[in-house]
Amino acid sequence: MTTLTWHDLPAHPTRWWGLAALRGMRRDYLGFIGAQQRLGDLAAQRILRERVVDVFDPALVRALMVDHADALVRWARGPEVFADLMGQSVLVTEGATWQRQRRMLMPAFTPKRVAGYAALMTQAAVEGLARVRPGEVAMDALYSHLTMDVISRTLFSTPIGQDTAAAAHAVQVLSETALGEMFWPVTLPDWLPLPGKAAKRRASRLLHGLLASHIDARADAHDGRSDLLGMLKALRDETTGEALSRQEVYDQCMVSFQAGHETSATALLWWSWLLATHPEVQDRARAEVDAMLAGRVPTADDAGALPYLSATLKEAMRLYPPVAAIMTRRLTRDVTVGGVQLPARTLVRLTPWLLHRDPRCWPEAEAFRPERFLDGAPHEIPRGAYIPFGLGPRVCLGQHFAVLEMTLIAALMLQRFHLSPVEAGPPEPRMAVTLRPAGGLRLRLAARAPQQPQP
């Protein structure tokens with residue numbers, strides 16, 4: 001069989017060396033990539049001197065991200081932008097540095113270790129939900145507070161306190177800034193009097209000041225605390241015996257603080273909207289929660305015993321993946337996938353938003369059907385078709401943390417409130433680093449009579 005090349009792939013006409021495409025992606029990234037998908041499972045694009053390929057078939061996605069993982073590195077522009085915001089964390093490093101960081105950090109995020117954070121998660125959620133007054137509620141502010149309080153307690157054993165609103169706003173500013181800068185060849189200095197630079201400086205100062213105050217207060221390397229900061233300081237490389245440097249500890253705290261609350265808050269926002277507009281699903285999930293918990297606060301063990309609630313969260317992340325587009329990769333060598341030889345240095349784009357809505361993999365792809373994720377579902381999910389936390393060696397390190405956090409918060413929410421929509425139409429998805437409802441999300445929360453825990 002004849003092997004095709006990148007030049008044989010379908011592509012839209014290129015205008016102005018691809019610069020018009022950059023403008024289109026900046027304006028509506030998901031719409032632009034959706035037009036690429038209509039060309040086929042592999043679609044080419046030329047931007048300046050770069051060859052780009054979009055991959056839309058789950059089997060080909062898996063072949064690249066798993067079978068040819070050793071041939072992929074992140075496109076340099078992505079790590080440059082995120083390193084500017086979060087430092088040299090495991091999110092952006094490559095090669096031996098990334099391998100060392102990943103190897104050292106994995107013990108801090110195993111399911112068993114994450115289960116130990118469940119009490120901190122529920123404590124933050126119970127206290128935060130107790131302050132909610134029935135009626136119209138700004139759900140983005142609520143979930144940002146809850147998840148930011150969770151990550152603060154998990155990192156530092158300290159509630160976030162009065163800094164929540166300002167810190168949540170700062171994260172959103174930096175998230176939107178990052179997406180905008182991604183489509184420029186370089187990041188212009190922040191001191192320049194350009195639109196958005198002042199807001200970026202203020203947001204960066206606030207977050208760095210907040211984290212530094214917590215970390216500096218724990219300068220003693222042997223304070224004995226079992227929170228994530230204490231664990232990061234105690235980690236040792238099993239190969240060399242080396243500890244993370246002070247800067248590495250700081251950078252890992254920064255990425256945990258920003259990414260650790262943002263993705264969970266975003267997923268919970270869309271989950272809340274979907275349950276509010278599908279009352280039969282909400283009633284079934286609540287009935288499961290009530291039957292399992294009987295009014296008590298959930299534990300880590302309970303989170304694994306709520307299959308329908310878990311399915312609603314998975315289906316929400318299918319329709320609205322918090323990370324709707326995975327950071328672009330670059331091939332370090334020639335690779336053949338799907339009978340097409342892609343040359344070294346080709347840029348590879350993967351878009352969970354489109355993979356998760358492909359009708360070939362998902363019957364009634366636009367519909368909210370949690371049953372897809374229950375045992376005995378009539379349709380098997382193809383491998384590579386569902387990747388809310390990525391795929392391959394760089395799969396999200398915090399996925400177990402996020403899943404546990406979302407499940408516990410969702411259960412506590414359903415125990416306390418009935419959710420209904422305020423607006424008739426669905427929110428418009430707006431992509432920055434995460435996929436959030438444009439303009440926020442308001443729902444009507446009606447308080448439920450509290451259940452009495454069974455003795």
Side-chain angles (χ1 to χ4, degrees), residues 1-12 14 17-18 21-22 25 29 32-82 90-99 101-103 182 185 321 323-356 358 360-361 381-397:
M1 185 175 69
T2 303
T3 300
L4 302 177
T5 69
W6 178 87
H7 296 281
D8 297 312
L9 294 176
H12 290 295
T14 298
W17 307 283
L22 288 176
M25 284 188 281
Y29 185 87
F32 183 93
I33 304 300
Q36 288 286 101
Q37 186 185 34
R38 290 190 283 277
L39 294 173
D41 287 334
L42 292 170
Q45 185 185 24
R46 170 78 75 173
I47 300 178
L48 298 176
R49 300 180 65 182
E50 297 282 13
R51 294 187 183 95
V52 185
V53 62
D54 288 289
V55 186
F56 301 110
D57 179 82
L60 302 184
V61 168
R62 185 170 179 83
L64 277 165
M65 298 292 283
V66 178
D67 301 339
H68 298 295
D70 62 329
L72 295 172
V73 296
R74 266 89 52 80
W75 169 52
R77 187 68 190 128
E80 284 172 4
V81 169
F82 285 109
V90 71
L91 180 67
V92 303
T93 52
E94 288 285 359
T97 300
W98 170 77
Q99 291 173 354
Q101 289 181 344
R102 179 92 180 188
R103 183 172 64 245
M182 206 77 73
V323 180
I326 292 175
M327 202 180 297
T328 302
R329 267 47 172 188
R330 187 185 292 281
L331 290 174
T332 60
R333 56 174 168 81
D334 292 359
V335 165
T336 299
V337 289
V340 179
Q341 185 179 59
L342 302 175
R345 295 195 54 77
T346 300
L347 295 177
V348 179
R349 291 190 301 226
L350 306 173
T351 311
W353 169 266
L354 296 170
L355 286 168
H356 291 186
D358 188 332
R360 298 173 299 177
C361 305
I381 300 170
R383 300 173 76 185
Y386 182 69
I387 53 172
F389 296 104
L391 185 67
R394 297 201 79 126
V395 68
C396 177
L397 196 60

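If you're wondering where the values come from, they're calculated on a predicted model, not measured in any experiment.
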Problem - Donor-acceptor under 3.5 Å (Asp8 side chain, Thr5 main chain) - result: yes
Handout entry: Heavy-atom donor-acceptor pair, Arg329 side chain to Met327 backbone, under 3.5 Å
Key = yes
Problem - Charged N-O contact under 4.0 Å between Glu80 and Arg74 - result: no
Practice task
Walk me through it: do Asp41 and Arg360 pass the test side chain to side chain contact (heavy atoms under 4.5 Å, CB included)?
Solution key: CA-CA 12 Å; Asp41 287 334; Arg360 298 173 299 177; 2.9 Å; yes
Handout entry: Greater than 12 external heavy atoms within 6.0 Å of Arg102's CZ
Key = yes
Problem - Separation of Leu64 CG from Leu391 CG (nearest 0.5 Å) - result: 10.0 Å
Problem - Flag, side chain of His356 to backbone of Thr351, donor-acceptor distance under 3.5 Å - result: no
Practice task
Give a yes or no on whether the backbone of Ala35 and the side-chain of His12 come within a donor-acceptor separation of less than 3.5 Å.
Solution key: yes
Practice task
Look at the side chain of Thr346 and the backbone N and O of Val52, then say whether any donor-acceptor pair between them is shorter than 3.5 Å.
Solution key: no
Completion exercise
Across all chains, not counting sequence neighbours, the salt bridge (Lys or Arg N to Asp or Glu O under 4.0 Å) partners of Arg349 are Asp54
Problem - Partner set under salt bridge (Lys or Arg N to Asp or Glu O under 4.0 Å) for Asp57, not counting sequence neighbours - result: none
Exercise for the section: Applying salt bridge (Lys or Arg N to Asp or Glu O under 4.0 Å), name anything that partners Arg103, two or more places apart in sequence or on another chain. Expected result: Asp237
Handout entry: Non-hydrogen side-chain atoms of Arg330 and Glu50 separated by less than 4.5 Å
Key = yes
Exercise for the section: Show the numbers, then the answer: is there a side chain to side chain contact (heavy atoms under 4.5 Å, CB included) between Trp6 and Leu42? Expected result: CA-CA 9 Å; Trp6 178 87; Leu42 292 170; over 6 Å; no
